[in-house]
Student: 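Pasting a structure here, questions to come.
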Number of protein chains: 2
Amino acid sequence: MPSQQKFDRGDIRRLNAVSVLNQLRLKGALSRANIAFELGLTRATVSNIIANLIDASMVSETEYDSGRAGRPGLLLNLNPAFGAMIAVDIDIDSISILLTDFGQEVLYRAQNPIDSEGSSEATLAIAVSMVEKAIQLSESKGLQCLGICVTWAGLVDREEGQLAFGPTTGWQRVALKTTWEKRFEVSVYVENEAHAGAIGVHHFGERPGVRNLIYLSLGGGLAAGVFVDGVLLRGKLGFAGQVGHTSFADNGVVCSCGKQGCWVTEIGAAALFRKLSEAGVDFPTNNASGNGWIDCVLNKVELGDEVVLGVLSEIGASVGAGLARLVQTFNPSMVVVGGRLSELLKYVEPVIREATLNDTLAYMTDPLELIVGTSGDDALRGGIATVFDSVMKNPKIGEMAGN
Amino acid sequence: MPSQQKFDRGDIRRLNAVSVLNQLRLKGALSRANIAFELGLTRATVSNIIANLIDASMVSETEYDSGRAGRPGLLLNLNPAFGAMIAVDIDIDSISILLTDFGQEVLYRAQNPIDSEGSSEATLAIAVSMVEKAIQLSESKGLQCLGICVTWAGLVDREEGQLAFGPTTGWQRVALKTTWEKRFEVSVYVENEAHAGAIGVHHFGERPGVRNLIYLSLGGGLAAGVFVDGVLLRGKLGFAGQVGHTSFADNGVVCSCGKQGCWVTEIGAAALFRKLSEAGVDFPTNNASGNGWIDCVLNKVELGDEVVLGVLSEIGASVGAGLARLVQTFNPSMVVVGGRLSELLKYVEPVIREATLNDTLAYMTDPLELIVGTSGDDALRGGIATVFDSVMKNPKIGEMAGN
DNA sequence: AATATAAAGTTTACTAAGTAAACTAATTGA
DNA sequence: TCAATTAGTTTACTTAGTAAACTTTATATT
């Protein structure tokens with residue numbers, strides 16, 4: 001099968017409708033004429049497409065765009081009332097959920113702790129109850145749920161909709177998509193946490209639509225989501241970006257994966273925990289498998305604790321050295337370090353930057369935008385973006401008129 | 001600007017015409033009905049497109065496809081007489097050229113030595129005379145030249161059509177596209193050698209069109225060309241795949257790039273040269289910067305020289321260790337090791353395979369196809385493919401009727 | 001040998017989704 | 001007040017598909 005098969009007239013309408021929705025997503029309120037200008041379509045065509053989208057209640061007219069000479073344009077927006085979208089992130093010791101409307105405004109946000117050693121059944125039961133609550137809430141606002149995206153830091157089989165393998169939890173082949181789709185009667189998507197984080201930054205970050213982006217998710221685990229020429233790198237089985245388990249230190253620590261000296265063993269949460277202990281820093285060590293101790297360390301950093309900053313600098317240098325490899329490999333325009341540990345590492349951002357540039361051919365990084373530390377919601381936002389994209393790419397024009 | 005702008009009716013015809021040409025490229029002689037079945041178009045539509053392509057003389061009818069019940073189909077092929085395509089590869093100590101017709105049959109192949117320390121002017125003068133000869137030859141066969149692709153192991157600025165920086169030669173900003181386009185009056189493309197090699201394998205290799213492929217070009221330098229979901233990874237500036245200069249050995253040799261312990265210093269030609277010397281192997285050491293000595297080593301390997309095989313095994317282990325990082329990063333279905341040194345390394349292919357799998361999560365490589373050693377023409381073939389693709393993607397239907 | 005069946009390619013009528021250009025509507029500014 | 005300007009709609013047209021009937025040319029069967 002070649003890379004692309006045939007195209008027919010339906011494709012052109014569908015693709016143009018997606019382009020229109022994408023404009024509204026990226027730029028907010030726009031008139032038909034604005035959109036026509038941006039896309040190079042005629043006003044007639046855009047009017048036509050918009051009529052369909054309004055019929056489908058995906059787009060709504062809001063206010064007039066006055067202030068200029070000439071007839072004022074009628075501004076259009078994604079219709080918030082079209083429905084609700086849900087993202088769930090299952091982390092090592094907590095589950096987070098985010099509910100937004102179709103206009104991508106947050107309606108609800110919650111986080112519940114889970115037992116980091118718990119079974120997949122126990123964990124998923126909590127997730128289910130959180131989703132139920134979110135769906136109730138959206139229905140109470142008259143919004144039907146458009147889809148649910150679950151993100152998770154492990155290998156994900158998107159087609160089967162299952163968690164294929166979790167390096168930290170040990171979970172294997174945990175089915176989710178089919179079960180939840182039956183239960184909630186909406187489309188369910190499963191994504192790798194780093195991939196979702198990259199999607200979140202790509203969709204909602206400082207440069208929406210940035211075409212060449214490396215997103216590093218650094219917490220208990222370590223993985224990357226990479227956008228290449230505007231497309232998320234997935235690989236043959238969808239497991240691309242497992243950079244945490246690439247060898248890094250010659251005489252490193254034995255990793256959970258069985259190998260020795262993986263990058264994650266030098267910069268992941270376990271590495272921080274180990275190095276802080278070695279440095280004699282006083283912090284709660286009773287629950288190493290959770291994330292609770294990180295708050296304490298964060299506190300110390302904010303107070304300018306030199307010893308902790310020293311440890312972070314050491315880790316930052318290793319973050320940069322590894323990033324350099326990725327930069328040489330991908331030649332991105334932007335690198336974002338996210339995940340729980342990025343909240344700490346942003347205090348040693350210069351170290352990371354220097355280590356990265358130091359190990360990179362100068363030509364590669366001309367210029368390179370490096371951001372350390374994000375909102376912490378990257379994966380959740382990426383989950384929302386995933387639901388949004390799949391709704392957007394399948395507008396079902398005509399089918400859901402008067403819905 | 002969003003990832004894709006508008007689509008109009010012209011696009012659909014153009015894209016379908018490309019799909020048709022792609023079928024003919026991949027599968028050779030096909031009838032209109034065959035193509036219609038493969039692409040899911042109607043026979044009427046394919047007939048229509050084919051009429052255009054025959055008008056443009058890109059496609060020709062050859063023989064009848066009898067043997068079945070029913071009216072026999074008229075088999076179609078890419079029309080060799082449509083024109084000639086030229087690929088030039090500028091290597092460290094030689095220039096190679098390949099001339100094919102539009103049916104991708106080789107018409108001429110040549111190789112000339114160059115002074116590996118020579119100036120860019122001197123080198124390009126030789127390249128120009130080789131191209132002139134090839135063009136003369138194609139014109140003597142009544143073929144007009146459709147394009148020239150020049151490949152080169154260094155950073156390439158495709159848009160400007162210049163060699164931006166050559167790590168081995170030290171060349172900087174050597175303009176080529178504009179000069180040659182003026183001189184030869186045809187389109188000229190410039191490509192990085194590893195990218196071209198990947199294109200060559202993707203286009204002409206054992207799995208044409210393989211969607212997730214890592215191609216490693218291993219010679220004096222070391223770089224990768226990577227296909228991700230069917231698309232060649234280029235990166236922001238087009239410099240993606242510079243994996244040779246990623247740090248690899250903790251206490252490694254100082255590299256030509258100024259850093260220490262780059263992967264290329266452990267597995268590139270210089271590494272082989274160094275390790276053979278250390279092992280006391282007797283081979284011509286008078287011209288380390290060229291490739292002449294490799295033939296001698298190849299000879300020894302073919303005779304089963306244990307010491308040389310030992311050195312190669314050592315290098316093979318490092319090749320595999322580095323490949324593992326790339327496999328973890330890209331999750332490919334196929335890895336091909338090409339370039340001059342691959343002719344030697346194929347004798348230690350099991351070592352490379354084991355080292356690769358040993359450092360890779362098992363889930364990633366289920367299965368992984370690894371090929372070490374190629375025809376040696378990967379970049380040239382990729383150059384031909386580049387010219388072909390650009391002609392194919394811009395069929396100029398109607399414009400060149402009766403050409 | 002005559003006829004049925006099968007498949008390839010063409011023709012015809014139709015349709016969807018663009019475009020261009022004219023038209024109508026609603027503002028600002030001289 | 002009225003010209004200029006811009007937004008959105010309407011109309012006539014074009015392109016490139018589809019479906020289905022038709023023609024052509026083969027093989028298979030009686």
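Throughout, protein chains are lettered first and strands after them, A, B, ... in sequence-line order, and every chain is numbered starting at 1.
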Student: Just the rounded figure in Å: distance from C1' of C:dG18 to CZ of B:Arg14.
Tutor: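 To the nearest whole Å, that distance equals 15 Å.
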Student: Between A:Asn34 and A:Arg9, which residue's closest nucleotide on DNA chain D lies nearer the 5′ terminus?
Tutor: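 Its nearest nucleotide lies further toward 5', so the answer is A:Asn34.
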Student: Do A:Arg207 and A:Ser333 pair up side chain to side chain, a donor and an acceptor below 3.5 Å, judged on atom types alone?
Tutor: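 Their side chains do not contain a donor-acceptor pair, so the 3.5 Å distance test is not met.
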Student: Find the distance B:Leu76:CG to C:dA8:P and express it as a whole number of Å.
Tutor: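 Interatomic distance, CG of B:Leu76 to P of C:dA8: 12 Å.
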Student: Among the candidates D:dG8, D:dA19, C:dG9, find the nucleotide nearest to the side-chain atoms of B:Arg71.
Tutor: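 Comparing D:dG8, D:dA19, C:dG9 against the side chain of B:Arg71, the answer is C:dG9.
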Student: Quick one: A:Phe7 CZ to C:dG18 P, roughly how many Å, whole number?
Tutor: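 About 15 Å, once rounded to whole Å.
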Student: Taking the side chain of A:Leu74 as its heavy atoms from C-beta onward, which of D:dG8, D:dT25, D:dT27 lies nearest to it?
Tutor: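 Out of D:dG8, D:dT25, D:dT27, the nucleotide with an atom closest to A:Leu74's side chain is D:dG8.
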Student: Between C:dT10 atom C1' and B:Ile54 atom CD1, what is the distance in whole Å?
Tutor: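 Taking atom C1' of C:dT10 as the reference, CD1 of B:Ile54 is at 14 Å.
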Student: Does C:dG18 have its OP1 or OP2 closer than 4.0 Å to a side-chain nitrogen or oxygen of A:Asn48?
Tutor: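 Result: no.
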Student: Write down the distance between CD (A:Glu38) and P (D:dA7), rounded to a whole number of angstrom.
Tutor: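 These atoms are roughly 12 Å apart.
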Student: Look at B:Lys6 and C:dA17 and indicate whether a side-chain polar atom (N or O) is within less than 4.0 Å of OP1 or OP2.
Tutor: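 Checking B:Lys6 against C:dA17: no side-chain N or O falls below 4.0 Å of OP1 or OP2.
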Student: What is the distance, to the nearest angstrom, from the CG atom on A:Asn52 to the P atom on C:dA16?
Tutor: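 Interatomic distance, CG of A:Asn52 to P of C:dA16: 12 Å.
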Student: Of the nucleotides D:dA20, C:dA20, D:dG8, which has the atom closest to the A:Arg32 side chain?
Tutor: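 The nucleotide sitting nearest to the side chain is D:dG8.
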Student: Using a cut-off of less than 4.0 Å, is there contact between a side-chain N or O of A:Arg13 and OP1 or OP2 of C:dG18?
Tutor: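 True: A:Arg13 side-chain N/O within range (under 4.0 Å) of C:dG18 OP1/OP2.
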Student: Under 3.5 Å, is there an N or O donor on one side and an acceptor on the other linking the side chain of B:Arg43 and the base of C:dA8?
Tutor: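 Per atom types, the contact qualifies.
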Student: Looking at A:Thr45, does any N or O in its side chain come under 4.0 Å of the phosphate oxygens OP1/OP2 on C:dT19?
Tutor: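 It does, given that an N or O in the side chain of A:Thr45 lies less than 4.0 Å from OP1 or OP2 of C:dT19.
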Student: Does D:dT25 have its OP1 or OP2 closer than 4.0 Å to a side-chain nitrogen or oxygen of B:Ser66?
Tutor: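 Checking B:Ser66 against D:dT25: no side-chain N or O falls below 4.0 Å of OP1 or OP2.
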Student: Starting the side chain at C-beta, find the nucleotide from C:dA17, C:dA6, D:dA16 nearest to B:Ile12.
Tutor: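 Nearest listed nucleotide: D:dA16.
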Student: Flag the pair A:Glu159 and A:Lys177 as a salt bridge only when some basic side-chain nitrogen lies within less than 4.0 angstrom of an acidic carboxylate oxygen.
Tutor: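 Salt bridge: no.
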Student: Look at A:Ser47 and D:dT9 and indicate whether a side-chain polar atom (N or O) is within less than 4.0 Å of OP1 or OP2.
Tutor: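 A:Ser47 to D:dT9 OP1/OP2: side-chain N or O found under 4.0 Å.
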Student: Which of the following nucleotides, C:dA7, C:dA26, D:dG17, is nearest to the side chain of A:Asp8?
Tutor: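 From the listed options, D:dG17 comes nearest.
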Student: Measure the distance from CG on B:Leu41 to P on D:dA19 and round it to the nearest whole Å.
Tutor: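 Spelled out: CG on B:Leu41 to P on D:dA19 is 11 Å.
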Student: Does the plane of the ring in A:His202 sit parallel, tilted or perpendicular to the ring in A:Phe227? Use 30° and 60° as the thresholds.
Tutor: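 Judged by the thresholds at 30° and 60°, the geometry between A:His202 and A:Phe227 is parallel.
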Student: Nearest whole Å is fine: how far is C:dT27 C1' from A:Tyr64 OH?
Tutor: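 About 12 Å, once rounded to whole Å.
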Student: Please step through salt bridge (Lys or Arg N to Asp or Glu O under 4.0 Å) for the pair A:Glu61 and A:Arg32, ending with a clear verdict.
Tutor: CA-CA 10 Å; A:Glu61 296 173 330; A:Arg32 292 164 174 81; 2.7 Å; yes
Student: Within the pair A:Asn16 and C:dG18, is there a side-chain N or O less than 4.0 Å away from OP1 or OP2?
Tutor: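 So the side-chain polar atoms of A:Asn16 do come within 4.0 Å of the phosphate oxygens OP1 or OP2 of C:dG18, strictly under.
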Student: Under 4.0 Å: is that the gap between some side-chain N or O of B:Arg68 and OP1 or OP2 of D:dA28?
Tutor: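 No, no such contact exists.
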Student: Using the side-chain heavy atoms of A:Ala44, tell me which of these nucleotides is nearest: C:dG18, C:dA21, D:dT18.
Tutor: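 Out of C:dG18, C:dA21, D:dT18, the nucleotide with an atom closest to A:Ala44's side chain is C:dA21.
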Student: Between B:Thr42 and D:dA19, is there a contact of a side-chain N or O with OP1 or OP2 at under 4.0 Å?
Tutor: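 B:Thr42 to D:dA19 OP1/OP2: no side-chain N or O under 4.0 Å.
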Student: Test side chain to side chain donor-acceptor pair (under 3.5 Å) on B:Ser31 and B:Asn34 and set out the steps.
Tutor: CA-CA 5 Å; B:Ser31 68; B:Asn34 295 153; 3.0 Å; yes
Student: Closer than 4.0 angstrom, basic N to acidic O: yes or no for A:Glu191 and A:Arg234?
Tutor: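 Salt bridge between A:Glu191 and A:Arg234, a charged N being under 4.0 Å from a carboxylate O: yes.
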